[in-house]
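As structure tokens, the structure follows; a few thoughts come after it.
Letters A, B, ... are given to chains in the order of the sequence lines, protein chains preceding strands, and every chain is numbered from 1.
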Protein chains: 2
Amino acid sequence: MSKIVKTGRTPTSEDVARLAGVSRSAVSRTFTDGASVSPKTREKVMRAADVLGYRVNFLARSLSQQRTRLIGLVVSDMDHSLRGSLVDRLARGLVALDYRPFLLPTNPGDDVGHLIDMMLHYNVSGAIVTSDTPPSQIADACVAHDVPLVLVNKAEVGGKVINVSMDSRKAGRMGAEVLYDAGCRSVAIASQRRASHTIGLRKKAFTAACADLGIEIVGDFQGAIQDYAGGVEAAEAFLASGLAPDAAYCVNDYLALGFLDHIRYTAHMDVPGDLKVAACDDIAEAGWQSYDLTTVRQDPSAIAGAAITALINRIDDPDLPVPPIFIDVALVERNSTRAAPSSL
Amino acid sequence: MSKIVKTGRTPTSEDVARLAGVSRSAVSRTFTDGASVSPKTREKVMRAADVLGYRVNFLARSLSQQRTRLIGLVVSDMDHSLRGSLVDRLARGLVALDYRPFLLPTNPGDDVGHLIDMMLHYNVSGAIVTSDTPPSQIADACVAHDVPLVLVNKAEVGGKVINVSMDSRKAGRMGAEVLYDAGCRSVAIASQRRASHTIGLRKKAFTAACADLGIEIVGDFQGAIQDYAGGVEAAEAFLASGLAPDAAYCVNDYLALGFLDHIRYTAHMDVPGDLKVAACDDIAEAGWQSYDLTTVRQDPSAIAGAAITALINRIDDPDLPVPPIFIDVALVERNSTRAAPSSL
DNA sequence: CAGCATTTTGCACGCGCGTGCAACGTAGTG
DNA sequence: CACTACGTTGCACGCGCGTGCAAAATGCTG
């Protein structure tokens, strides 16, 4: 940190070259990994750069190198805590590897054409999509323009698109197993009408596991979206049905929390006494004392890490085939499925 | 959507010019707002561009125009739902105005020097900081490099930095008033040791309003951070004190939820029967039935909108003075401060 | 048709940087 | 010392695009 000379313009490599008494090439090479510069010139250049406060202009570098190291991050529903975590991990991971995250926000119902356009305008080196909107349009565009693409928790689009997801099948199965172990033999499902691919897989796996274990599924009650409100809606439908299974399986935590609250406060049912509840995701709220929800954890850090690794491998070698990646999940057993509820 | 000719290279303006039979300048002008092109050439150019699938290379444009239209978004704690909402609104608002959000994630304790470096490497046109880390380092760097900067919910740094915050003083006062109206005359504060500037303002305003209204403050119980866990910690300290005020004021919602859960499930206190609770932020969870928390809403959309407007004004006219902006807040009265609790 | 005002167009340069190529310097060997 | 091999250096070109300037084309008026 030596003294920095203030100048009107932001300094360029030419300024540095002049001050250091070398050519512009030498400056460029000093700041390029793997380029060949003698220790003496490097020293001179670094000193001059320090004095001027020089920084490589990444835009110019991208232009000349024909690669931007920009990664498009297509994200929806950022106020969901899992999304927030995921985006955080993705962005931090990318920055650590000298890639730059370019945020492209979308919400269900938005026109994604605009976002695709923007990615292409910037020649992104790759993209990661973790939105709830069907990504086929994005996938097609990326494939057509040779932009390496990772889909997180989305449908397995074939071809050159990389898929990274939580192990939804295992998650669904674990949900059934934990309910079975808690003694449940009949169960209601709470789900959502506009189901995403992951959610669909969970449900299918849960249903299959129930069949294996001999758990009867008495009905599937749905809310509009995967939301607290959606859970309330599902609970209303469930209560209206008059059915009385041992348990309810909610396809995700937000839904479960709304479901729980509604059956508790409106129908005055006891969980886990009158009904056991299991769900999937393990958002922070699931662990709060008011809910204490048994659920299956998906790990945003692991997912982000795998997505980044896969993407960068694909960038480095576009022809490398990358099979779908499934990130392991873990059961988090809490009070909502406790076997002997109010026995004390 | 006519047929697009596949070519190995991504097409450049020169390709379009050749196909359209005009000069490259004409192509450039066609895609530049406010440039002068005759309808005929524009038509020819558009047709050729459509055929080739041409898009302006924004990096090259940024380089030549000397402005990138990139906005650095420095964000921490993205898994907090308010942060997520704010980032979403910011990113969408920026994209709508033809600026591009550049995500720079940070977490408390991180070295922000790296992020600053990145912003300068990319010549961002401006920056918005909404992190919980003290932003003075970022502020200094931005001022030194003439990067317009907006701080959201941060300390009012003087000089050329723009401040946009919720009206913390009003929020604190409203918290006191709603408790007073509910009949409370003594109150405990639950807060956090590593308090941010906004939190500090809330607390100060709350304290001042209590003095005005004649509410006694019996103590300030603190958790480590503004978190559910922090709230639990504060509740433990509160319970250990043996004090029995009418109410508790929590400096934010996450804290309040942990506080609530702990005093309910560990000390078996009734809210609002034994203790009324008010807080600040109005995160989604505050409205959930298990909590039904009275709180003061800050509006992420309004904050984002104001931040963007202010930033762009400053970009367009760097010398325009922009006084600190305070976004109005609104009381959301729910059950946790209900006057006649278990009277029925 | 001539003469003028007004667009429209193309040329050429610059934005800041990476890199192949040839010239240069240096060290090492016989 | 002569010769070779190799690491350094500088030149010049290219990355894709915007834009001032002067030439060309157009429209308008008399």
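- Of the listed nucleotides (C/dG10, C/dT8, D/dT19), C/dG10 has the atom at the smallest distance from the side chain of B/R29.
- A/D50 and A/R47 are not joined by a salt bridge, as no carboxylate oxygen comes within less than 4.0 angstrom of a charged side-chain nitrogen.
- The distance from atom NZ of B/K44 to atom P of C/dG10 is 8 Å, rounded to the nearest whole Å.
- Residue-environment remark: CE (B/M118) exceeds the threshold of 12 foreign heavy atoms within 6.0 Å.
- If you measure from atom CD of B/Q65 to atom C1' of D/dC15, you get 17 Å, rounded to the nearest angstrom.
- Atom C1' of nucleotide C/dC15 and atom CZ of B/R67 are separated by 14 Å, given to the nearest angstrom.
- Distance, B/E14 CD to C/dA12 C1': 14 Å, rounded to whole Å.
- Under the ring pair (Phe, Tyr, Trp, His ring centres under 6.0 Å) test applied with A/Y122, the options B/Y122, B/F58, B/F102 reduce to a single match, B/F58.
- Taking atom NE2 on B/H121 and atom C1' on C/dG16, their separation rounds to 14 Å, with Å as the unit.
- Residue A/V27 is classed as having no contact, given no heavy-atom separation below 4.0 Å to the nucleic acid.
- Taking side-chain N and O atoms only, B/Y122 has no distance below 4.0 Å to OP1 or OP2 of C/dG16.
- The nearest whole Å value for the distance from the CG atom in A/D15 to the P atom in C/dG16 is 9 Å.
- Of the possible polar contacts, one joining the A/S125 side chain to the A/R69 backbone as a donor-acceptor pair under 3.5 Å is found.
- Judged by distance alone with a 3.5 Å cut-off, a donor-acceptor contact links the side chain of A/S25 to the base of D/dC11.
- Where B/V22 and A/A60 meet DNA chain C, the nucleotide closest to each residue was compared, and B/V22 sits on the side nearer the 5' end.
- In this structure, CZ of A/R69 is placed 13 Å from P of C/dG18, rounded to the nearest angstrom.
- Contact record, A/P105 with B/V95: CD-CG2, 4.3 Å, taken as the closest heavy-atom pair.
- Toward the 5′ end of DNA chain C lies the nearest nucleotide of B/G21, the other residue of the pair B/G21 and A/V56 mapping further downstream.
- Closest approach to the B/Q66 side chain among C/dG16, D/dC17, C/dC17 is made by C/dG16 (side chain taken as heavy atoms from C-beta onward).
- Closest to the A/S64 side chain, of the nucleotides D/dC17, C/dG16, C/dT19, is C/dG16.
- In terms of polar N and O atoms assigned as donor or acceptor, the side chain of B/R24 comes within less than 3.5 Å of the base of D/dG18 in a complementary pairing.
- Taking every side-chain heavy atom of B/L63 into account, C/dG16 is the closest of D/dT8, D/dT9, C/dG16.
- OP1 or OP2 of D/dG16 has not a single side-chain nitrogen or oxygen of B/S13 nearer than 4.0 Å.
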